[in-house]
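Counting starts at 1 for both ligands and their atoms, in listed order. As the structure is a computational prediction, the values presented were derived from the model and not from experiment.
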Amino acid sequence: MINLLDFDAEGLTAWFAGLGEKPFRARQVLRWMHRGGCDDFGQMTDVAKTLRLRLAQEAQIRGPVPIGDSVATDGTRKWLLDVGQGNAIETVFIPEADRGTLCVSTQVGCALACAFCATGRQGFNRNLSTAEIIGQLWHANRVLTAGEARLAGAADERVVSNVVLMGMGEPLANFEAVVAALRLMLDDNAYGLSRRRVTVSTAGIVPAIDRLRVEAPVALAVSLHAAEDALRDRLVPINRKYPLPELMAACRRYLVEAPRDFITFEYAMLDGVNDGDADARALLALTRDLPSKFNLIPFNPFTGSGFRRSRSERVRRFQQILLDAGVVATVRKTRGDDIDAACGQLAGQVRDKSRRIVLAAQPLQSVEVRA
Ligand code: SAH
């Protein structure tokens with residue numbers, strides 16, 4: 001049966017047109033679903049009763065099924081959501097004084113096999129649907145916002161103020177479903193977030209960065225992790241397909257449409273691998289003509305990773321080199337690591353179909369030799 005969470009505004013309007021219903025009906029239902037967190041057509045009091053009955057026959061609003069819910073000592077909360085056939089994904093809510101950030105997954109597992117990422121180690125099963133992606137925000141809002149405020153459409157009460165597509169998976173490898181979900185995040189009849197508060201993080205799929213710029217130019221974060229192709233080829237294997245000069249050029253093109261006047265670069269700090277003074281200087285050279293902000297992520301370990309987190313003096317020194325050159329560089333605070341909710345620790349349950357885990361171990365070994 002059709003799940004209405006799969007539609008963005010345009011898709012829902014078209015589907016309603018097929019029922020002979022006007023666009024404003026689609027808008028009403030969209031508001032009930034997303035602003036109200038409603039999954040029961042019977043509750044949609046301003047929708048004509050005949051239409052409500054018809055909707056109940058032909059469609060459903062099917063959110064994700066939570067099978068795990070853990071809260072870290074720092075208040076970070078992680079849900080494990082069942083997506084069928086033995087697969088489950090993770091969504092993380094990170095509360096801070098001035099905002100609440102939801103970290104959303106876009107795939108069951110990931111095919112990119114970055115050497116230092118737990119999700120990458122698990123292999124890949126499938127793309128998430130739009131309903132499964134937006135369903136994570138839908139679910140978090142329902143759980144975190146009092147029911148009455150939600151149903152009254154009191155959007156300002158909303159606890160999730162920012163969304164980052166930094167959970168399991170590579171968002172730009174699931175382009176269509178991700179863009180429809182992004183449109184819902186930005187839509188005033190749905191979540192109404194500004195483009196600056198929605199961030200897509202990518203390992204660097206160059207053609208898709210260009211498409212995103214045209215179709216849904218939200219804030220962009222690029223997982224860099226190395227300033228030279230030889231090292232990046234091993235840490236982030238997609239670099240072999242889209243090497244750094246091409247990636248940097250795509251970032252420059254993106255800036256023209258970006259909601260912020262810089263690109264964020266994520267950089268996991270791996271002890272003895274990419275954290276030397278020379279690496280920091282290479283980063284400065286690489287991004288010299290590109291307004292950038294660096295987000296240094298002390299590596300979050302997981303069993304069998306083969307990497308160690310850079311020591312904090314090393315991270316500080318690395319950060320200082322960037323700051324001294326006038327580049328904004330922050331160190332990402334580790335959140336939720338006691339419930340394995342930190343960057344790179346999300347694993348969910350993935351029935352791997354790619355069977356390329358053995359291959360993924362290859363670049364890792366050579367990295368260890370270098371370290
Ligand atoms: N595939 C996308 C979305 C994942 S975002 C991307 O690569 O950007 C998750 C971020 O955490 C990425 O920057 C990723 O490189 C980083 N990361 C992965 N494993 C990590 C680990 N073990 N420790 C710290 N950061 C990690």
Using a 4.0 Å heavy-atom cut-off, say whether Thr119 meets ligand 1 through its side chain, its backbone, both or neither. neither
Which residue holds the protein heavy atom closest to atom 11 (O) of ligand 1, what is that atom called, and what is the gap in Å? Cys343 CB, 3.6 Å
Of all the atoms in ligand 1, which lie at a distance below 4.0 Å from a heavy atom belonging to Ala203? 6 (C), 7 (O), 8 (O)
When you measure from the side chain of Arg31 to the backbone N and O of Ala190, does any donor-acceptor pair fall under 3.5 Å? no
Consider side-chain contact (heavy atoms from CB on, under 4.5 Å). Of Leu193, Val198, Leu165, Val163, which one does Val218 pass it with? Val198
Would Arg309 and Asp271 count as a salt bridge (Lys or Arg N to Asp or Glu O under 4.0 Å) if you check the C-alpha gap in whole Å, the side-chain angles of each, and the deciding distance to 0.1 Å? CA-CA 5 Å; Arg309 175 182 291 188; Asp271 181 33; over 6 Å; no
Determine whether the aromatic ring centres of Trp79 and His139 lie less than 6.0 Å apart. yes
Quick one: nearest non-hydrogen protein atom to atom 19 (N) of ligand 1, plus distance? Gly344 CA, 3.0 Å
Could you tell me whether Phe294 and Tyr267 have their ring centroids closer than 6.0 angstrom? no
For atom 13 (O) of ligand 1, grab the closest protein heavy atom and report residue, atom and distance to one decimal in Å. Ser223 OG, 2.6 Å
Please classify the Glu266 to ligand 1 contact at 4.0 Å (heavy-atom distances, strictly less than): side chain, backbone, both or neither. side chain
May I ask you to decide if Gly100's main-chain N or O and Ser161's side chain share a donor-acceptor pair within less than 3.5 Å? yes
For atom 9 (C) of ligand 1, the protein heavy atom that lies nearest, with its residue and separation: Met166 O, 3.6 Å
Distance-only N or O hit between ligand 1 and Cys110, under 3.5 Å: no
Under 4.0 angstrom from ligand 1, any heavy atom of His225? yes
For ligand 1, which atoms, with element, lie under 4.0 Å from some heavy atom of Phe299? 21 (C), 22 (N), 23 (N), 24 (C)
For Ile297, counting its heavy atoms only, list the atoms of ligand 1 lying under 4.0 Å from any of them. 24 (C), 25 (N)
For the 3.5 Å polar cut-off, considering only N or O atoms, please tell me whether Arg332 and ligand 1 meet it. no
Do any N/O atoms on Gly169 end up under 3.5 angstrom from N/O atoms on ligand 1? yes
Any idea which of Gly167, Ala118, Cys117 brings a heavy atom closest to atom 4 (C) of ligand 1? Gly167
Given 3.5 Å as the limit, does a donor-acceptor pair link the side chain of Ser105 with the main chain of Met168, or not? yes
Quick check: does any side chain N or O of Arg77 sit under 3.5 Å from a backbone N or O of Val92, one acting as donor and the other as acceptor? no
Under 4.0 Å from a heavy atom of Asn300: give me the atoms of ligand 1 that qualify, with their elements. 21 (C), 22 (N), 23 (N), 24 (C)
I want to know whether Phe265 and His225 have ring centres closer than 6.0 Å. no
Give a yes or no on whether a salt bridge exists between Glu257 and Arg213, defined as a side-chain N under 4.0 angstrom from a carboxylate O. no
